[in-house]
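Working notes for the structure below.
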Amino acid sequence: MTAIDFTSCPRIPVRAYNGANGKKVAVLFQGEPWILKFPPNVTSRPNEQSYSNSCFSEHFGSSIYRLLGIPCQETILGTFVNGKNKIVCACKDFTRPGVRLYDFCSIKNTVIDSETGGTGTELSDILETIERQAFVDPIIVSERFWQMFVVDALLGNFDRHNGNWGFLVEEDTQSSSLAPVFDNGSCLLPQADDSIMQRCLENEDEMNARIYTFPTSMIKQAGKKINYFDFLHALDMPQGLRMALDQLFPRIQALDFTALVDSTPYLTPLQRQFYIEYLTRRCQIMFH
């Protein structure tokens, strides 16, 4: 577990990134552009939850995608000193000059007879957009969509919306390809503080609620967010989902969550125990 300090990395002043959870700055690390994602500042306002573990969530989610053989943004955990010593998640910038990222929200807006706008996450509308868009072969896009759904179910990702997956477009040749999976900070209960983790480890009902009931998918069916557990165990699941499950099931079963967590720096003993138990339980329950 190598500790990396990003404090002295040169900033790239002409790059900026959107997103609601925490600050993001562009730096050069080992001669290449990376995005440093900072945990949000803890707020004293009531009813507003902290995403203090979002850096770990981002790193674990991205690492598991890559371990399963799905192209995903590379991540590294490190520190950054700016008054306080903060743990940050560095995400490698996969764009480059002449290659532009178009999120699925933008692609969805090009389908002029779509029932909803680009942000709409109704499943039937998303699948129709995949079939009608002209950027990448719909078969390839459909396969990636259902792969993401399966892995997000494992990770408990509650925020896979149309703005955080998409396509890379070569501006000179006007050719397109799928972008690596990115923005995994909403996986693995990023809002869970020590007290929640402890309750989940000590109380079966607390743990089960976070597997069977929530978090739900951002994808909707008949206007209601999809419950991962119910959808994965439905007899009438979509064919694309069945194919993704058949493909990924052996790889998911082979994952060594203990090795992954033990190789991750900065975690407390409680966090290590929680992440191993939570991932193991989600895997056992979701995929059996």
Side-chain angles (χ1 to χ4, degrees), residues 60-62 64-72 104-105 107-108 111 114-116 118-133 136-167 178-184 186-189 207-255 257 278-288:
F60 282 134
S62 300
I64 287 172
Y65 264 102
R66 291 196 303 276
L67 287 170
L68 292 172
I70 299 171
C72 187
F104 188 73
C105 181
I107 303 303
K108 197 167 181 288
V111 181
S114 173
E115 294 180 3
T116 60
T119 59
T121 57
E122 186 70 27
L123 177 60
S124 59
D125 199 31
I126 289 175
L127 296 179
E128 182 179 6
T129 299
I130 289 173
E131 287 298 317
R132 295 192 178 201
Q133 57 79 35
V136 174
D137 184 340
I139 295 175
I140 295 174
V141 182
S142 177
E143 180 182 41
R144 172 64 63 80
F145 172 79
W146 287 117
Q147 286 176 336
M148 288 193 304
F149 187 92
V150 170
V151 182
D152 285 343
L154 170 66
L155 299 172
N157 189 345
F158 58 84
D159 198 33
R160 180 70 65 198
H161 52 74
N162 296 340
N164 56 19
W165 70 285
F167 304 77
L178 285 170
V181 177
F182 62 97
D183 199 358
N184 296 304
S186 295
C187 298
L188 303 177
L189 304 182
M207 180 68 83
N208 284 342
R210 290 164 176 82
I211 296 174
Y212 290 105
T213 307
F214 64 89
T216 56
S217 172
M218 182 62 74
I219 310 301
K220 297 178 180 178
Q221 194 168 43
K224 183 179 179 181
K225 289 183 179 180
I226 290 174
N227 177 289
Y228 281 124
F229 177 82
D230 293 341
F231 205 70
L232 289 176
H233 292 83
L235 296 176
D236 58 346
M237 72 169 59
Q239 179 64 23
L241 175 56
R242 170 58 62 192
M243 292 172 64
L245 279 171
D246 290 344
Q247 178 190 46
L248 292 173
F249 180 78
R251 304 180 202 174
I252 290 172
Q253 295 299 302
L255 289 172
F257 298 123
Y278 187 61
L279 281 165
T280 301
R281 291 288 302 278
R282 288 194 72 88
C283 181
Q284 290 172 343
I285 292 171
M286 290 283 173
F287 301 97
H288 278 84

Worksheet item: Under a 4.5 Å cut-off applied to non-hydrogen side-chain atoms, are Phe231 and Ile219 in contact?
Response: no
Worksheet item: In Å and rounded to the nearest 0.5 Å, what is the CZ to CZ distance from Arg160 to Phe104?
Response: 13.0 Å
Discussion item. With side chain to side chain contact (heavy atoms under 4.5 Å, CB included) as the criterion, how do Lys225 and Thr121 come out once you've worked through the C-alpha distance, each side chain's angles and the decisive distance to 0.1 Å?
Written reply: CA-CA 9 Å; Lys225 289 183 179 180; Thr121 57; over 6 Å; no
Worksheet item: Phe182 and Gly166: which non-hydrogen atoms are nearest, and at how many Å?
Response: CE2-N, 4.2 Å
Discussion item. Applying side chain to side chain contact (heavy atoms under 4.5 Å, CB included) to Trp165 and Val181, what does each step give before you reach the verdict?
Written reply: CA-CA 6 Å; Trp165 70 285; Val181 177; over 6 Å; no
Worksheet item: Do you know the tightest heavy-atom contact between Cys72 and Asn184?
Response: SG-ND2, 3.6 Å
Practice prompt. Give, for atom CG of Asn157 and atom SG of Cys187, the distance between the pair rounded to the nearest 0.5 Å.
Written response: 4.0 Å
Worksheet item: Hey, what do you get for CG (Leu154) to CG (Leu255), rounding to the nearest 0.5 Å?
Response: 7.0 Å
Worksheet item: What are the two closest heavy atoms between Ile211 and Met286, and how far apart are they?
Response: O-CE, 3.4 Å
Worksheet entry | Any donor-acceptor N/O pair, Asn164 side chain to Asp159 backbone, under 3.5 Å | yes
Discussion item. Ignoring hydrogens, what is the shortest heavy-atom contact between Ile126 and Asn162? Give both atom names and the distance.
Written reply: CD1-OD1, 3.9 Å
Worksheet entry | Validation row: Val150, Phe287 side chains within 4.5 angstrom (heavy atoms) | yes
Discussion item. Just to verify, what does Tyr65 make a ring pair (Phe, Tyr, Trp, His ring centres under 6.0 Å) with, not counting sequence neighbours?
Written reply: none
Discussion item. Could you measure the distance from the CZ atom of Arg144 to the CG atom of Leu178? Nearest 0.5 Å is fine.
Written reply: 4.5 Å
Practice prompt. Would you check if the side chain of Gln284 reaches a backbone N or O of Arg281 as a donor-acceptor pair within less than 3.5 Å?
Written response: no
Worksheet item: Short question: side chain of Asp152, backbone of Phe158 - any donor-acceptor pair under 3.5 Å?
Response: no
Practice prompt. Grab the two heavy atoms, one from Cys283 and one from Phe257, that are nearest each other, plus how far apart they are.
Written response: CB-CE1, 3.8 Å
Fill in: Residue pair Lys108, Asp125: steps toward the side chain to side chain contact (heavy atoms under 4.5 Å, CB included) verdict
CA-CA 9 Å; Lys108 197 167 181 288; Asp125 199 31; 2.6 Å; yes
Item to complete: With rounding to the nearest 0.5 Å, note down the distance linking OG1 in Thr129 to CD in Glu122.
Response: 11.5 Å
Worksheet item: Can you say whether the rings of Phe149 and Phe145 are parallel (under 30°), tilted (30 to 60°) or perpendicular (over 60°)?
Response: tilted
Item to complete: For Leu241 and Leu232, run side chain to side chain contact (heavy atoms under 4.5 Å, CB included): C-alpha distance rounded to whole Å, both residues' side-chain angles, the deciding distance at 0.1 Å, then the answer.
Response: CA-CA 8 Å; Leu241 175 56; Leu232 289 176; 4.0 Å; yes
Item to complete: Give a yes or no on this: more than 12 heavy atoms of other residues, nucleotides or ligands lie within 6.0 Å of atom CE of Met243.
Response: no
Worksheet item: Which atom pair, heavy atoms only, marks the closest approach of Tyr278 to Arg210?
Response: OH-O, 3.0 Å
Worksheet item: Going from CG on Leu155 to OG on Ser62, what distance comes out if it is rounded to the nearest 0.5 angstrom?
Response: 9.0 Å
